[in-house]
2 protein chains.
Amino acid sequence: MVNKIKDTTTEEKILEAARKVFIERGLDGARMQEIADKAGINKALLHYYFRSKDKLFEVIFKETAGNLFPKFEMILNSDKPLFDKIDEIVSNYIDLIIKNPYLPLFVLSEMNKSRNLQLANFFEMQRNKFVEKFVQNIEKEIKKGVIKKISPAHLIINIFSLCAFPFIAKPVIGILLEIDDLQFKYMMEQRKKIVTDFIIASIKK
Amino acid sequence: MVNKIKDTTTEEKILEAARKVFIERGLDGARMQEIADKAGINKALLHYYFRSKDKLFEVIFKETAGNLFPKFEMILNSDKPLFDKIDEIVSNYIDLIIKNPYLPLFVLSEMNKSRNLQLANFFEMQRNKFVEKFVQNIEKEIKKGVIKKISPAHLIINIFSLCAFPFIAKPVIGILLEIDDLQFKYMMEQRKKIVTDFIIASIKK
DNA sequence: AATTTTGTTAACCAATTGGTTAAATTAAAT
DNA sequence: ATTTAATTTAACCAATTGGTTAACAAAATT
């Protein structure tokens with residue numbers, strides 16, 4: 001399997017189908033036959049290419065979880081004011097989730113259920129990627145007196161809470177606010193500005 | 001089965017065990033044999049008392065989802081200033097989730113997966129219970145000029161986002177911030193004040 | 001005390017599930 | 001053209017799963 005150049009059509013078909021089924025149903029709810037049906041292939045091929053359900057799931061999980069941490073470093077490394085950075089992070093993140101609405105719930109749900117250390121290790125590897133930089137950015141602005149004193153950790157949690165939770169709570173929000181999918185999406189677009197303003201209004205000195 | 005007064009020990013054992021297993025593993029991941037083992041009973045009794053896995057799940061789901069909407073009406077009906085009400089709601093809600101840490105993820109995860117209209121109807125029934133009153137409270141304060149103009153719907157979403165999301169994201173937060181369970185819990189206790197202050201700072205005129 | 005009703009058990013069941021296997025087919029290498 | 005390797009298929013497998021059944025035990029009723 002080393003450096004093997006091959007026609008990956010079947011493999012790609014499987015990955016595409018698996019992505020859909022796993023994200024929608026989770027590991028426990030997904031069925032190999034359903035993935036095979038969606039990929040238009042014989043179920044035995046799932047095992048030929050990926051050996052087991054768990055391994056196939058792991059590939060999909062790592063791929064999608066990786067997307068949960070887009071390249072914020074460039075934003076955080078720039079010389080722009082922190083408020084602009086927050087604006088960019090919030091907008092990019094909400095846009096990312098609008099494009100992949102089930103992403104947060106899928107990743108967090110499986111993380112809560114998983115006893116698989118592989119998945120946890122995967123997140124550990126992301127740890128220094130942006131949390132430190134974000135913390136540094138925030139601490140710098142506190143020291144400069146631009147923003148109020150607030151725990152960077154809590155602020156970061158707040159930012160991601162405000163961006164991601166509404167998508168997770170979508171069915172409940174839809175019912176409670178009596179809005180349909182289109183209205184929900186419109187609302188999420190609005191949140192790019194509303195969340196940014198909310199955060200900045202809160203921390204501005 | 002009408003007005004039947006009976007020894008409910010076995011039924012209660014089942015409910016207690018089912019609560020634990022369903023909340024931890026969800027509907028798809030839960031196994032009837034595991035519930036029976038945890039309840040210390042024979043698996044056939046699950047069907048004797050609750051007829052099917054789905055029906056047992058529904059009982060547990062409605063019970064726990066009901067808890068997701070505690071009696072906020074009393075808080076919202078009082079004459080206290082809105083900021084105090086927000087403080088109370090945030091504190092009560094975070095306390096509620098601290099006591100039932102898996103509650104938000106369980107309910108929202110199953111709501112996202114469920115095609116069962118019973119569950120959706122259940123939430124519809126909760127709709128007018130507190131959303132309207134919350135909206136009225138917010139609109140009143142906007143009109144009085146106490147808080148900035150903000151969409152009540154978005155503000156309500158923000159409040160619940162800030163309260164609930166960290167618990168859903170716990171495994172990821174733990175890894176990224178390198179904190180253990182005790183530290184996480186301490187952090188969540190802190191959030192009662194931090195979230196309230198964050199919100200009030202954001203909307204105060 | 002006898003009968004009926006309710007609760008419990010162990011064994012069993014059909015269907016489903018993730019996975020395996022051997023043969024057939026296709027593709028690549030010689 | 002032949003051989004080897006890779007891919008695909010259909011059938012099959014063992015284990016698991018939610019659920020059923022009949023027998024037995026306990027409780028309630030007559």
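Every chain is numbered from 1 and lettered A, B, ... according to where its sequence line falls, protein lines coming before strand lines. A quick note: this is a predicted structure, and the numbers were derived from the prediction, not measured.
- The shortest distance between the side-chain N/O atoms of B:Thr10 and the OP1/OP2 oxygens of C:dG7 is not below 4.0 Å.
- Between the CG atom of A:Leu45 and the P atom of C:dT25 there is a distance of 16 Å, rounded to whole Å.
- Between B:Asn42 and C:dT8, a side-chain N or O to OP1/OP2 separation shorter than 4.0 Å is absent.
- When the P atom of C:dG18 is taken as reference, atom CZ of A:Phe57 falls 13 Å away, rounded to whole Å.
- Look at NZ on A:Lys55: it is 16 Å from P on C:dG18, rounded to the nearest Å.
- Ranking C:dG18, C:dT8, C:dT20 by closeness to the A:Lys53 side chain, first place goes to C:dG18.
- When atom types are taken as modelled, the side chain of A:Glu88 and the backbone of A:Ile75 share no donor-acceptor pair closer than 3.5 angstrom.
- Side-chain proximity of B:Tyr48 to D:dT20, C:dT6, C:dT20: nearest is C:dT6.
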> After noting the C-alpha distance and the side-chain angles of B:Phe106 and B:Phe61, does the key distance pass the side chain to side chain contact (heavy atoms under 4.5 Å, CB included) rule?
Replying inline: CA-CA 9 Å; B:Phe106 170 66; B:Phe61 182 84; 4.0 Å; yes

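- The nearest whole Å value for the distance from the CZ atom in B:Phe50 to the P atom in C:dT8 is 12 Å.
- Distance from the side chain of B:Met32 is smallest for D:dG18 among the nucleotides C:dT8, D:dG18, D:dA6.
- A:Ala36 comes within 4.0 angstrom of nothing in the nucleic acid, heavy atoms only.
- Donor-acceptor pairing under 3.5 Å, judged by distance alone, is present between the side chain of B:Lys43 and the base of D:dG19.
- A distance of 6.0 Å or more separates the ring centres of B:Phe165 and A:Phe160.
- In this structure, A:Tyr49 reaches the D:dT8 phosphate: one of its side-chain N or O atoms is under 4.0 Å from OP1 or OP2.
- Taking atom CD of A:Gln33 as the reference point, atom C1' of C:dA15 lies 14 Å away to the nearest angstrom.
- A heavy-atom distance below 4.5 Å is found between the side chains of B:Arg191 and A:Asn158.
- Nearest to the side-chain atoms of B:Ser52 among the listed nucleotides C:dG19, C:dG18, D:dG19 stands D:dG19.
- Checked by atom type and distance alone, the side chain of B:Glu16 never pairs as donor or acceptor with a backbone atom of B:Lys13 at under 3.5 Å.
- We find that NE2 of A:His47 is positioned 13 Å from C1' of D:dA14, with the value rounded to whole Å.
- Between B:Arg31 and the phosphate of D:dG18, there is a side-chain N or O to OP1/OP2 separation shorter than 4.0 Å.
- Between the P atom of C:dA15 and the CD atom of A:Glu34 lies a distance of 21 Å, rounded to the nearest Å.
- What separates CG of B:Asp37 from P of D:dT17 is a distance of 11 Å, to the nearest Å.
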